[in-house]
Amino acid sequence: MALNTLSGRFLMLTSVFVMLAEVLILLPSLGNFREDYLLTRLERAQIASLALLTTDELIDPDLESELLENAGVFNVVLRRDAMRQLVLSSPIPEAVAATYDLRDGSALGRMRDALVLLGNPANQVIRVIGDPVRQGGLVIEVTMETAPMRAAMIEYGMRLLVLSAVISVLTALLLFLAVRRLMVTPIKRVVAHMAAYAEAPEDARRIIAPQARITELRVAEDALASMQRDLTAALRQKERLAQLGQAVAKISHDLRNILTTAQLFADRMEESDDPAVKRSAPKLVNSISRAVNLCETTLTFGRAEEPPPALSRFMLAGLAAEVIEGETLSANAAGVDFVTDIAPNLVIRADREQLYRVLSNLVRNARQAIEATGRPGTIEIGAGEEESGWWIRVGDTGPGLPERAREHLFQPFAGGTRKGGTGLGLAIAAELVRGHGGRLDLVRTDSEGTEFMLHLPKDLVLDSTAA
């Protein structure tokens, strides 16, 4: 509908305000017109009576009637020298309905009397009292009928309404055109740019070029242009990362197969009797193992989505023992002690395989951090049950996370804590925990160690971003 547009509503408001202005102008004008009309009748009556006051002879009745008719009154009373004198008179058709004293009137009173007169179509006789012109006595009063005055007021009001209506229409039209030119058209331009940009946000040619001259609209266009530039750059980067991810996934898949074959040959080299080969074989095996692990984690993270958790109930202590056993068999783990603080009968409800991956990532990161220091350390896995869910704590006595890792925690390829690391472990762990409707928090990290806390709710709410 037209009224739902900015132009339509502005036109409607302009019309309402113009009509209100007309009412505010019309009422005082009618009140002033009525008072001027009465004052004119008093002045005419005084002029007609002055000719009679200069002589003591009786006035001809026909002349008296002509003077009263020209003045528009029935009789004239003039008070001079403390005496009340009936100067001109004629028969009054009916009793006087009201008396109005023009000497002490107010603006509100004039408007009220004008509205009363317009609202009463009956012809009445009224008495009007006022001051004579040029000190022609103390007080002058006349009696007159209201019908001619009411007709004159209606005629005057109609002329005023027509004139004000023409001025109002022209004013409203000019305001309407000005608003469309200065506001509506620029706003429509911004909306059109937004719609065009939404069709192809990757196209930098569709970014709006700020042109508005109005300060507020120019600020809005600048903000919109900045947002569009940032979004276009982000979409381009996302597209490039997606293409890069596909390429990396393909390379990692093929490289994993090659490294698996190389790992088999490296295992056989460990059985060689050559001392030099025996010294080099473990290093080669470790390097190949790390490369295989990198390929596997990259492939895992590169999948479009993680499957939703397959929930089951199991003993958490047994799962923690499997994680520790897997890390104990790793090379260079001799200086790391593993401690568990889990009740043997603690049963939780989660996806056992995904939770194994989460704990394995956290424990592996802790072990590698301790090994990097060259000093012995301890890794502890604790757990407990609350009314709302379960908590699992993984802490270590390592050197703590570096500043860069804390700033980009849980971000893939950005939160690596060791040389050669990819930062995928924590990102994958956090994603799997969110898939359970829980969260993975960093409780503390300092020179005395690092502690992560994992929360799993009893009422599973799947995270749509992870599933």
Side-chain angles (χ1 to χ4, degrees), residues 249 253 256 289 292-330 333 336-368 378-396 409-410 412 415 422-443 450-467:
H253 181 271
R256 182 186 60 177
S289 297
V292 171
N293 181 64
L294 172 60
C295 294
E296 290 178 348
T297 53
T298 302
L299 287 172
T300 300
F301 183 79
R303 286 187 297 183
E305 61 180 18
E306 289 286 352
L311 302 180
S312 63
R313 295 187 178 274
F314 56 89
M315 298 286 188
L316 181 59
L319 179 64
E322 292 182 18
V323 173
I324 293 175
E325 182 181 1
E327 292 301 318
T328 303
L329 297 178
S330 301
V336 180
D337 293 330
F338 295 92
V339 179
T340 59
D341 183 16
I342 304 175
N345 59 345
L346 178 61
V347 177
I348 68 172
R349 182 170 176 262
D351 187 311
R352 197 177 193 281
E353 180 60 30
Q354 291 187 2
L355 188 57
Y356 177 89
R357 290 170 59 189
V358 172
L359 296 179
S360 178
N361 278 320
L362 295 176
V363 172
R364 184 181 301 111
N365 287 344
R367 176 181 62 80
Q368 291 172 349
T378 303
I379 299 175
E380 180 182 0
I381 304 177
E385 184 176 4
E386 299 174 337
E387 183 178 355
S388 59
W390 301 273
W391 56 267
I392 303 174
R393 183 184 68 253
V394 178
D396 63 71
L409 199 64
F410 306 131
T422 63
L424 286 175
L426 288 178
I428 294 174
E431 182 178 354
L432 292 176
V433 173
R434 287 197 303 269
H436 282 74
R439 68 180 190 276
L440 179 61
D441 300 327
L442 174 63
V443 178
T450 301
E451 182 177 333
F452 285 92
M453 184 71 75
L454 190 155
H455 297 272
L456 294 176
K458 290 186 177 180
D459 296 328
L460 176 62
V461 179
L462 294 181
D463 185 4
S464 60
T465 62

Is there a side-chain contact between [X] and [Y] (heavy atoms, below 4.5 Å)?
| X | Y | answer |
| --- | --- | --- |
| Leu456 | Leu454 | yes |
| Asp396 | Thr378 | no |
| Ile342 | Ile392 | no |
| Val433 | Val358 | yes |
| Val394 | Glu451 | no |
| Leu432 | Ile428 | yes |

Legend entry - Glu385 bridged to Lys458 by N-O distance under 4.0 Å: yes

Legend entry - Note: Arg352-Glu322 ion pair, threshold 4.0 Å (strictly below): yes

I need the [X] [atom1] to [Y] [atom2] distance, nearest 0.5 Å.
| X | Y | atom1 | atom2 | result |
| --- | --- | --- | --- | --- |
| Arg439 | His455 | CZ | NE2 | 4.0 Å |
| Leu319 | Glu353 | CG | CD | 9.0 Å |
| Ile379 | Phe338 | CD1 | CZ | 4.5 Å |
| Gln354 | Leu311 | CD | CG | 9.0 Å |
| Glu327 | Arg364 | CD | CZ | 5.0 Å |

[X] to [Y] - nearest heavy-atom pair and separation:
| X | Y | value |
| --- | --- | --- |
| Trp391 | Met453 | CE3-SD, 3.8 Å |
| Gly437 | Pro457 | O-CG, 3.5 Å |
| Ala317 | Pro344 | CB-CA, 4.3 Å |
| Leu346 | Ala383 | CD2-CB, 3.8 Å |

Legend entry - Side-chain (His436) to main-chain (Asp351) donor-acceptor, under 3.5 angstrom: yes

Inset, instruction - Would you check, one step at a time, whether the test side-chain contact (heavy atoms from CB on, under 4.5 Å) holds for Phe314 with Ile348? - result: CA-CA 6 Å; Phe314 56 89; Ile348 68 172; 3.8 Å; yes

Inset, instruction - Among Asp441, Leu359, Leu440, find the residue that satisfies the side-chain contact (heavy atoms from CB on, under 4.5 Å) test when tested with Phe452. - result: Leu440

Inset, instruction - Evaluate side-chain contact (heavy atoms from CB on, under 4.5 Å) for Thr340 paired with Ile324, printing each intermediate quantity in order. - result: CA-CA 9 Å; Thr340 59; Ile324 293 175; 3.2 Å; yes

Legend entry - Candidate pair Ile381 and Arg393, rule side-chain contact (heavy atoms from CB on, under 4.5 Å), full reasoning: CA-CA 6 Å; Ile381 304 177; Arg393 183 184 68 253; over 6 Å; no

